[in-house]
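In what follows, chains are A, B, ... by sequence order, proteins preceding strands, each numbered from 1.
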2 protein chains.
Amino acid sequence: MDIEKSIAALNNPLRRRILEWLKDRSNFPPALPEHTDLEGVCVAYIQEKAQVSQSTISAYMSKLKDAGFVVAERHGQWTFYRRDEAKIQAFLAVVQNELLKP
Amino acid sequence: MDIEKSIAALNNPLRRRILEWLKDRSNFPPALPEHTDLEGVCVAYIQEKAQVSQSTISAYMSKLKDAGFVVAERHGQWTFYRRDEAKIQAFLAVVQNELLKP
DNA sequence: CCTTTAAATCGCGATATTTCGATATATGGA
DNA sequence: TCCATATATCGAAATATCGCGATTTAAAGG
């Protein structure tokens, strides 16, 4: 849990919105038939929704992954990203502990 | 509550540590006799502990203030900074709400 | 193989942040 | 009024981040 990386990853409105979108698969187009069993959302879908370049989305997802907020899983040509709820909670716990008195 | 400013303010280890230090007045030298009734810590004390230049500390405290995490109160030549616990809690609530599923 | 598609990486200019020293402002006291 | 002290603001150099297009890598299919 690198709090430095985590806060840096959150220090961007679009990255935070992506994390919110990933709460619910239905924020994205339905999965392809061959992917319906997989968790997570492929990069192309996230890009379409985020309306930024492919390289930007890739870098964003990479940053969210390095921060521990999402998990990447490759299946063939596709990379599926999904939230890591445990890590997100762990991060919040640390921040709370650091910020709140005492 | 500008979450953008708040996260940016936290995106710096020293600023976060200053927030922690301010949890407890005893992290700093005792107040001058004429200030014992005042809450908060003057900039010079924070600077001494943080070991950065006076201009850096001033800018840091300003950023923490703009983020709403601290309150500044001027008394004569001195500015006393103290945590704004309510604002800090409000920020945490917003972040939790944004990050946590659902 | 060759092509197509998905995603990651590279290189870059633009912009923002960091941190400083120097300077300005405000206050209190001799 | 003049000087010392406390803090804020300015200007600049170093570094980091942003977001793009171009290129590379990886996999699938013909």
Side-chain angles (χ1 to χ4, degrees), chain A residues 2-19 22 28-35 38 40-67 69-82, chain B residues 2-19 22 28-35 38 40-67 69-82:
Chain A
D2 184 339
I3 197 170
E4 217 54 51
K5 275 189 186 172
S6 299
I7 294 185
L10 292 180
N11 192 26
N12 177 291
L14 183 49
R15 277 195 296 264
R16 288 200 307 277
R17 268 203 293 157
I18 291 171
L19 270 186
L22 288 176
F28 302 93
L32 299 176
E34 63 269 39
H35 294 148
L38 297 175
V41 178
C42 70
V43 177
Y45 286 178
I46 305 174
Q47 184 199 346
E48 189 190 354
K49 189 147 176 124
Q51 292 278 88
V52 291
S53 74
Q54 187 266 321
S55 60
T56 296
I57 268 298
S58 182
Y60 275 25
M61 298 316 295
S62 204
K63 200 153 192 168
L64 288 172
K65 189 184 62 167
D66 290 351
F69 293 133
V70 299
V71 174
E73 207 169 323
R74 249 225 166 190
H75 284 266
Q77 339 168 234
W78 290 275
T79 305
F80 294 85
Y81 283 96
R82 64 174 192 276
Chain B
D2 184 338
I3 197 170
E4 217 53 52
K5 275 189 187 171
S6 300
I7 295 184
L10 292 181
N11 193 26
N12 177 292
L14 182 49
R15 278 195 297 264
R16 288 201 306 279
R17 267 202 295 155
I18 291 170
L19 271 185
L22 287 177
F28 302 93
L32 299 176
E34 62 269 39
H35 295 148
L38 298 174
V41 179
C42 70
V43 177
Y45 285 179
I46 305 174
Q47 185 200 346
E48 190 191 353
K49 191 149 175 119
Q51 292 279 88
V52 291
S53 74
Q54 187 267 321
S55 60
T56 296
I57 268 297
S58 182
Y60 275 25
M61 297 318 294
S62 202
K63 199 153 193 169
L64 288 172
K65 188 183 65 167
D66 290 351
F69 293 133
V70 299
V71 174
E73 207 170 322
R74 243 215 173 200
H75 284 265
Q77 339 167 232
W78 292 274
T79 305
F80 293 85
Y81 284 95
R82 64 174 191 276

Can you measure [X] atom [atom1] to [N] atom [atom2] for me and round it to whole angstrom units?
X     : N      : atom1 : atom2 : value
A:Q47 : D:dG21 : CD    : C1'   : 13 Å
A:L64 : C:dA7  : CG    : C1'   : 16 Å
A:L14 : D:dC20 : CG    : P     : 10 Å
B:L32 : C:dT27 : CG    : P     : 18 Å
A:L10 : D:dC18 : CG    : P     : 12 Å
A:E73 : C:dA7  : CD    : P     : 14 Å

Would you say that [X] contacts [Y] through its side chain, given a criterion of any heavy-atom pair below 4.5 Å between the two side chains?
X     : Y     : answer
B:N12 : A:I7  : no
B:M61 : B:I46 : yes
A:R16 : B:I3  : yes
B:R82 : B:V41 : no
A:V43 : A:Y81 : yes

Identify all pairs in which a protein N or O lies below 3.5 Å from an N or O of nucleotides 6-16 of chain D, and state each distance.
residue	atom	partner	partner atom	Å
D:dA6	O3'	B:Q77	O	3.4
D:dT7	OP1	B:V43	N	3.2
D:dT7	OP1	B:T79	N	3.3
D:dT7	OP2	B:A44	N	2.9
D:dT7	O3'	B:T79	OG1	3.1
D:dA8	OP1	B:Y81	OH	3.1
D:dA8	OP2	B:S58	OG	3.0
D:dA8	N7	B:Q54	OE1	3.4
D:dA8	N7	B:Q54	NE2	2.8
D:dA8	N6	B:Q54	OE1	2.8

Give a yes-or-no answer on whether the side chains of A:S53 and A:T56 include a donor-acceptor pair shorter than 3.5 Å.
->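 Yes - a donor-acceptor pair under 3.5 Å links their side chains.
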When rounded to the nearest 0.5 Å, the distance separating OH of B:Y45 from NE2 of B:H35 is 8.5 Å
Rounded to the nearest 0.5 Å, what's the gap from CD1 on B:I57 to NZ on B:K49? Could you check?
-> 12.0 Å
Report each atom pair, protein N/O against N/O of nucleotides 14-18 of chain C, whose distance is under 3.5 angstrom.
residue	atom	partner	partner atom	Å
C:dT18	OP1	B:R15	NH2	3.2
C:dT18	OP2	B:K63	NZ	3.3

